[in-house]
Amino acid sequence: MKNPSIGSEMKKQGESRCTQKTISLLSPLGTIQVSGCENGVHTIQILMDVAPAERSSEAPLSCVVTDSPAETSAEMQRCIEWLQAYFTEPQTTGSLPLPAFHHPALQGDAFTSRVLQVLLSDVKFGETVSYKRLAEMVGNPRAVRAVGGAMRRNPVPLLIPCHRVISSSGQSGPYMSGRGDHLKQWLLTHERQRGDG
């Protein structure tokens, strides 16, 4: 099932004042914090609170909520369900609905928004794309560095899979400004190993 475009998943910023809530999950990558409001998901942060040595093939492939507000919006719940499926049954994520996104970087026709929309709609689970090819896909083949900037500004990693963007040489390239390179490798390996099952 093809994921709808970001524009159709997003509700307009400023429709109402947001009251953001944060949900924490324990995943094979460590703690993931999802922040959002009734209009959609604002951000996903991978806290990197588990030492790299503890990330191994024996890490439990689960994603459990460890801290949550009493009431959770439907969009936040949809995000949690998607993340849980990504770690436990990743091959099913293509058929799951994505939550609405409610972050300014994902609104309008700005370059960052266009790049992230194309990445979301055209680069599927288990696939990778080079920064150069992604620049070509958004119609600006000379904007390779700007594509890298768009990846750094992605407010919802995992949902919009910036980990699937690699260098033209086939090297994985930086993730989370270079601090999460080991996480990018883990995610790419996870998708290669789990995509067939």
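Along the sequence shown, residues are numbered consecutively beginning with 1. What you see is a predicted model; the values in this text were computed from it and never measured.
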Check against side-chain contact (heavy atoms from CB on, under 4.5 Å), Ile80 and Val34: CA-CA 8 Å; Ile80 300 313; Val34 179; 4.2 Å; yes
Chi angles and distances behind the side-chain contact (heavy atoms from CB on, under 4.5 Å) call for Leu25, Val64: CA-CA 5 Å; Leu25 301 107; Val64 295; over 6 Å; no
Derivation and outcome, side-chain contact (heavy atoms from CB on, under 4.5 Å), residues Met48 and Leu183: CA-CA 9 Å; Met48 295 193 308; Leu183 300 180; 3.5 Å; yes
Trace of the side-chain contact (heavy atoms from CB on, under 4.5 Å) decision for Leu29 with Leu187: CA-CA 9 Å; Leu29 303 178; Leu187 292 165; 3.8 Å; yes
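Under the 4.5 Å side-chain criterion, counting only non-hydrogen atoms from C-beta, Ile166 is in contact with Leu188. Looking at heavy atoms from C-beta onward, Val129 lies out of side-chain contact with Arg164 at the 4.5 angstrom threshold. Between Val165 and Ser130 the shortest side-chain heavy-atom distance does not fall below 4.5 Å. Gln107 has its side chain out of reach of Phe101: every pair of non-hydrogen atoms, C-beta onward, lies at least 4.5 Å apart. Side-chain atoms of Thr43 and His103, non-hydrogen and from C-beta on, do get closer than 4.5 Å to each other. With a 4.5 Å cut-off on side-chain heavy atoms, Val115 and Leu134 count as touching. A heavy-atom distance below 4.5 Å is not found between the side chains of Ile23 and Asp67. Side-chain atoms of Val41 and Ser35, non-hydrogen and from C-beta on, never get closer than 4.5 Å to each other.
Between Trp186 and His190, the distance from one ring center to the other falls under 6.0 angstrom.
The two residues Arg179 and His182 come nearest to each other via the heavy atoms O-CE1, 3.3 Å. The shortest non-hydrogen separation linking Leu116 to Ala150 is CD2-O, 3.9 Å. In plain terms, the two heavy atoms of Cys37 and Met76 that are nearest each other are O-CG, 4.3 Å. When all heavy atoms of Ser27 and Cys63 are compared, the pair lying nearest together is CB-SG, 4.1 Å. Here the closest non-hydrogen pair linking Glu191 and Tyr86 is OE2-OH, 2.7 Å. Smallest separation of non-hydrogen atoms from Ile46 and Met176: O-CE, 3.4 Å.
Hydrophobic clustering keeps Leu26 apart from Leu83 (ILVMFWY residues linked when any side-chain heavy atoms are closer than 4.5 Å, directly or through intermediates).
For residues 144-157, the pairs satisfying side-chain hydrogen bond (donor to acceptor under 3.5 Å, both in side chains) are Thr112-Arg153, with sequence neighbours left out. Within the structure, salt bridge (charged side-chain N to carboxylate O under 4.0 Å, His left out) contacts touching residues 76-85 (residues at least two apart or in different chains) are Glu75-Arg78.
Here CG of Leu98 is found 8.5 Å from CD1 of Ile160. Values are rounded to the nearest 0.5 Å. For the atom pair Cys79 SG and Ile44 CD1, the distance stands at 4.0 Å (nearest 0.5 Å). Note that the NE2 atom of His163 and the OG atom of Ser172 stand 11.5 Å from one another [nearest 0.5 Å]. Between atom CG of residue Leu158 and atom CD of residue Gln45 there is a gap of 12.0 Å, rounded to the nearest 0.5 Å. In this structure, Thr189 OG1 and Lys184 NZ are separated by 12.0 Å, a value rounded to the nearest 0.5 Å. Separation of atoms CD (Gln171) and CD (Gln185) is listed at 8.5 Å; rounding is to 0.5 Å.
In this structure, Ser121 contributes its side chain and Gln117 its backbone to a donor-acceptor pair below 3.5 Å. With hydrogens and angles ignored, the 3.5 Å screen pairs a side-chain donor or acceptor of Thr92 with a backbone N or O of Glu89.
Taking the salt bridge (Lys or Arg N to Asp or Glu O under 4.0 Å) definition, one finds that Arg114 meets it with nothing, sequence neighbours left out.
A side-chain donor-acceptor contact under 3.5 Å links His42 and His102. Side-chain atoms of Thr66 and Ser24 include no donor-acceptor pair closer than 3.5 Å.
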